[in-house]
Amino acid sequence: MESRLNYFGHPLAGKVLKHINSANKAVADSTLSPTVQELVKIRASQINGCGFCTDMHTKDAAHAGETVQRLNLVAAWREAKVFTEAERAALELAEQGTRIADAAGGVTDEAWADAAKHFDEDQLIALISLIAVINAYNRINVINQQPAGDYQPGQFG
């Protein structure tokens, strides 16, 4: 499989990615747990069918010490007992925030209230922003058919 075009090597794409990357850096530097951030990125990427981001974020999470068991269960988190209540709330918010068109009504009040029990306002802002950013990355990669499998942890800095 080859990408449709060299998106990452194009000057205009570089300008676009600079801004998306800046938004991602703001989230990464927030008080939202890095573990929660990776789980959310993995789940949204799975939903969107973004192999490139799923590959990247599972490898980054493993490199940071995440267990194989938890990584293997992200897609089935509702039936897994290996996630904390806070992680489960974040995964639910990520799913509903990613499946906006599928979930008639968007994010439910129940999902929001559950997330608000586990995260303070700054962390909720980071979580909302993270869901938006990873969905943007996913869409770029899926539209361009960016191949997955070659990512190495830390490859992008």
Are F8 and V142 connected in a single hydrophobic cluster, I mean Ile/Leu/Val/Met/Phe/Trp/Tyr linked by side-chain heavy atoms less than 4.5 Å apart? no
Trace of the side-chain hydrogen bond (donor to acceptor under 3.5 Å, both in side chains) decision for Q96 with T108: CA-CA 8 Å; Q96 289 188 22; T108 65; 3.3 Å; yes
Does the plane of the ring in Y151 sit parallel, tilted or perpendicular to the ring in F52? Use 30° and 60° as the thresholds. perpendicular
Shared hydrophobic cluster, I125 / V27 (ILVMFWY, side-chain heavy atoms < 4.5 Å): no
Connected via hydrophobic side-chain network under 4.5 Å: L91 and L127: no
Report, as yes or no, whether the 6.0 Å neighbourhood of atom CG on N6 holds more than 12 heavy atoms from other residues, nucleotides or ligands. yes
Side-chain contact test, heavy atoms from C-beta onward, threshold under 4.5 Å: evaluate it for I128 versus W112 and give yes or no. yes
Tell me the closest heavy-atom pair linking C50 and N138, and the distance in Å. CB-ND2, 3.5 Å
CZ of R88 to NZ of K81, rounded to nearest 0.5 Å, is 12.0 Å
Please tell me if the side chains of K59 and H63 come closer than 4.5 Å, counting only heavy atoms from C-beta onward. no
Between the side chain of T58 and the main-chain N/O of D55, is any donor-acceptor distance below 3.5 Å? yes
Residues Y137, N21; criterion side chain to side chain contact (heavy atoms under 4.5 Å, CB included); working and verdict: CA-CA 9 Å; Y137 283 128; N21 291 342; 2.4 Å; yes
Check whether any side-chain heavy atom of V82 sits under 4.5 Å from a side-chain heavy atom of Q69, and report yes or no. yes
Does CG belonging to D150 count more than 12 external heavy atoms closer than 6.0 Å? no
Distance col, row N48:CG vs R139:CZ, nearest 0.5 angstrom, shows 4.5 Å
Hey, does I134 have a side-chain heavy atom less than 4.5 Å from the side chain of C53? yes
For residues H57 and Q37, determine if any side-chain heavy atom of one lies less than 4.5 Å from a side-chain heavy atom of the other. no
Nearest heavy-atom neighbours spanning S30 and A126: OG-CB, 3.3 Å
Can you tell me how far the CG atom of D60 sits from the CD atom of E66, to the nearest 0.5 Å? 12.0 Å
Working to the nearest 0.5 Å, report the span between CG of L17 and CZ of F156. 9.0 Å
Is Q155 atom CD crowded by more than 12 heavy atoms from other residues, nucleotides or ligands, each under 6.0 Å away? yes
Looking at A89 and D114, what are the two nearest heavy atoms and their distance? CB-OD2, 3.6 Å
Considering only heavy atoms from C-beta outward, does the side chain of I47 approach that of R43 to under 4.5 Å? yes
If I compare all heavy atoms of I131 with all of G97, which pair ends up nearest, and what's the gap? CG2-C, 4.1 Å
Hydrophobic cluster identity match, V40 and V107, side-chain contacts under 4.5 Å: yes
Any chance you could lay out the side chain to side chain contact (heavy atoms under 4.5 Å, CB included) test for N141 and Y7, step after step, and finish with the verdict? CA-CA 9 Å; N141 290 323; Y7 189 90; over 6 Å; no
Examine L39 and V133 and state if one hydrophobic cluster contains both, with Ile, Leu, Val, Met, Phe, Trp and Tyr joined whenever side-chain heavy atoms are less than 4.5 Å apart. no
dist L124:CG -> L130:CG (nearest 0.5 Å) comes out at 12.5 Å
For the CZ atom of F119 and the CG atom of L93, what is their distance to the nearest 0.5 Å? 8.5 Å
Exactly one candidate in E87, H118, K41, Q123 meets side chain to side chain contact (heavy atoms under 4.5 Å, CB included) with V36; the answer is E87
Short question: side chain of N144, backbone of I140 - any donor-acceptor pair under 3.5 Å? no
Decide yes or no on salt bridge (Lys or Arg N to Asp or Glu O under 4.0 Å) for E85 and K117, but give the supporting numbers first. CA-CA 10 Å; E85 290 302 313; K117 285 191 294 189; over 6 Å; no
